[in-house]
**Q** 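Before we start, here is the structure in question, set down as structure tokens.
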Amino acid sequence: MSEHTIIDGINYGPLAALIGVWDGDKGIDRAPEPDGEERNPYYERIVFEAAGDVTNAEKQTLSVVRYHQVVSRKSNDEVFHDQVGYWLWDPADNTIVETFTIPRGVAVVAGGTLAPAADPEQELVFEVAADASSPQFGIVQAPFMFKQAKTTAFTHTLTVKGDEMRYSESTMLDIYGKKSYDHKDVNTLRRVG
Ligand code: HEM
């Protein structure tokens, strides 16, 4: 890892590439409706901040980046998705974890492994997944959501190269009598600060 990944004495490794303020206005959301689906062009800002490190059970040390994502519908400029979370990196085995919650009563702990020898000057690909049937990389949700709008699985691929970021995420939903509806969001962002 280069010295660019060290901030205030903490090595953020690949997560250093995320830190900053990112804007993107090419978002497309595909979301469920009772009679089909809707497609929503959107713009958003995601702010990633260095948040130190933590030690678990005196054995595992994780670097932590905190984020806040605010997504607005292009058609009316209203915020229609808000998400707060963390990205974690374990240098011991290159595990990455994304944990986040959305204000519908749903929380996700998704994980994956970063390709070895990732260099922040190159393209970095963060790929994580969670499944509601798993007690580890899983999903928990409030009773209403569990019964009426259940998130069964989540996958997220986020790619960063320099000041460009793009992502694709799929939230699988059981809703309106449909099984495994692919609620999908994609966008491309630029670092603006
Ligand atoms: C850019 C990201 C996202 C956008 C723009 C977005 C937008 C939407 C929209 C427009 C709906 C349709 C219902 C409504 O109009 O309120 C919806 C439903 C839903 N979303 Fe998302 N979403 C995003 C990401 C996520 C993520 C990451 C999750 C969870 C892991 C999630 C979980 C849900 C659930 C459970 C519903 C069903 C609730 C309902 O339709 O009544 N969404 N989302």
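Numbering of ligands and ligand atoms starts at 1, following listing order. Predicted, not measured: the structure shown is a model, and the values here were computed from it.
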**Q** Please confirm whether Q69 comes within less than 3.5 Å of ligand 1 when only nitrogen or oxygen atoms on both sides are compared.
**A** no

**Q** Which option, I102, T101, I175, owns the non-hydrogen atom nearest atom 37 (C) of ligand 1?
**A** I175

**Q** Identify, for atom 11 (C) of ligand 1, the protein heavy atom at the shortest distance, and state residue, atom and that distance.
**A** A31 CB, 3.5 Å

**Q** Output yes when the distance from some N or O of ligand 1 to some N or O of H183 is under 3.5 Å, and no in every other case.
**A** yes

**Q** Give the numbers and elements of all ligand 1 atoms closer than 4.0 Å to a heavy atom of E169.
**A** 2 (C), 24 (C), 27 (C)

**Q** Treating Ile, Leu, Val, Met, Phe, Trp and Tyr as nodes and any side-chain heavy-atom pair under 4.5 angstrom as an edge, say whether Y167 and F126 lie in one connected cluster.
**A** yes

**Q** Scan T188, V160, V192, V47 and name whichever one has a side chain to side chain contact (heavy atoms under 4.5 Å, CB included) with W22.
**A** V160

**Q** At a 4.0 Å threshold, what atoms of ligand 1 neighbour a non-hydrogen atom of M145?
**A** 35 (C)

**Q** What atoms in ligand 1 come closer than 4.0 Å to a heavy atom of F80?
**A** 5 (C), 10 (C)

**Q** Which protein heavy atom lies closest to atom 41 (O) of ligand 1, and at what distance to 0.1 Å?
**A**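 Heavy-atom neighbour on the protein nearest atom 41 (O) of ligand 1: Y176 OH, 4.0 Å.
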
**Q** Hey, which atoms in ligand 1 end up nearer than 4.0 Å to a heavy atom of Y42?
**A** 1 (C)

**Q** Using the ring of each side chain (for Trp, its six-membered ring), is Y67 parallel, tilted or perpendicular to F48, with breaks at 30° and 60°?
**A**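 Ring orientation, 0 to 90° scale: tilted.
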
**Q** Using heavy atoms and a 4.0 Å limit, tell me yes or no: is Q83 in contact with ligand 1?
**A** yes

**Q** Which atoms from ligand 1 have a heavy atom of T151 less than 4.0 Å away?
**A** 35 (C)

**Q** May I ask you to identify the nearest protein heavy atom to atom 4 (C) of ligand 1, giving residue, atom name and distance to one decimal place in Å?
**A**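 Checked against all protein heavy atoms, atom 4 (C) of ligand 1 sits closest to D185 OD1, 3.4 Å.
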
**Q** Shortest non-hydrogen contact from T55 to K59?
**A** CG2-N, 4.2 Å

**Q** Counting heavy atoms only, which of Q148, H81, R104 comes nearest to atom 23 (C) of ligand 1?
**A** H81

**Q** Could you find the nearest protein heavy atom to atom 29 (C) of ligand 1 and give me its residue, atom name and distance?
**A** T171 CG2, 3.5 Å

**Q** Of the side chain and backbone of L173, name the one, both, or neither that has a heavy atom under 4.0 Å from an atom of ligand 1.
**A** side chain

**Q** If the test is side chain to side chain donor-acceptor pair (under 3.5 Å), which one of E44, E169, K26 qualifies with N187?
**A** E44

**Q** Donor-acceptor pair, R39 side chain versus I28 backbone, under 3.5 Å?
**A**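 Answer holds: no.
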
**Q** Does E38 reach ligand 1, in the sense of a heavy atom lying below 4.0 Å from it?
**A** yes

**Q** Count the heavy atoms of every other residue, nucleotide or ligand shown that sit under 6.0 Å from CG of D8, and state whether that count exceeds 12.
**A** no

**Q** Quick one: which ligand 1 atoms are inside 4.0 Å of a heavy atom on N40?
**A** 10 (C)

**Q** Check whether L18 and L189 end up in the same hydrophobic cluster, where Ile, Leu, Val, Met, Phe, Trp and Tyr are linked by side-chain heavy atoms less than 4.5 Å apart.
**A**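 L18 and L189: one cluster.
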
**Q** Would you please say whether a donor-acceptor pair under 3.5 Å links the side chains of D35 and Y176?
**A**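 The answer is no; no qualifying pair exists.
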
**Q** Would R166 and E123 satisfy salt bridge (Lys or Arg N to Asp or Glu O under 4.0 Å), going step by step from the backbone distance to the final call?
**A** CA-CA 11 Å; R166 58 181 196 275; E123 184 169 273; 3.7 Å; yes

**Q** Would I96 and M165 show up in the same hydrophobic cluster when neighbours are defined by side-chain heavy atoms closer than 4.5 Å?
**A** yes

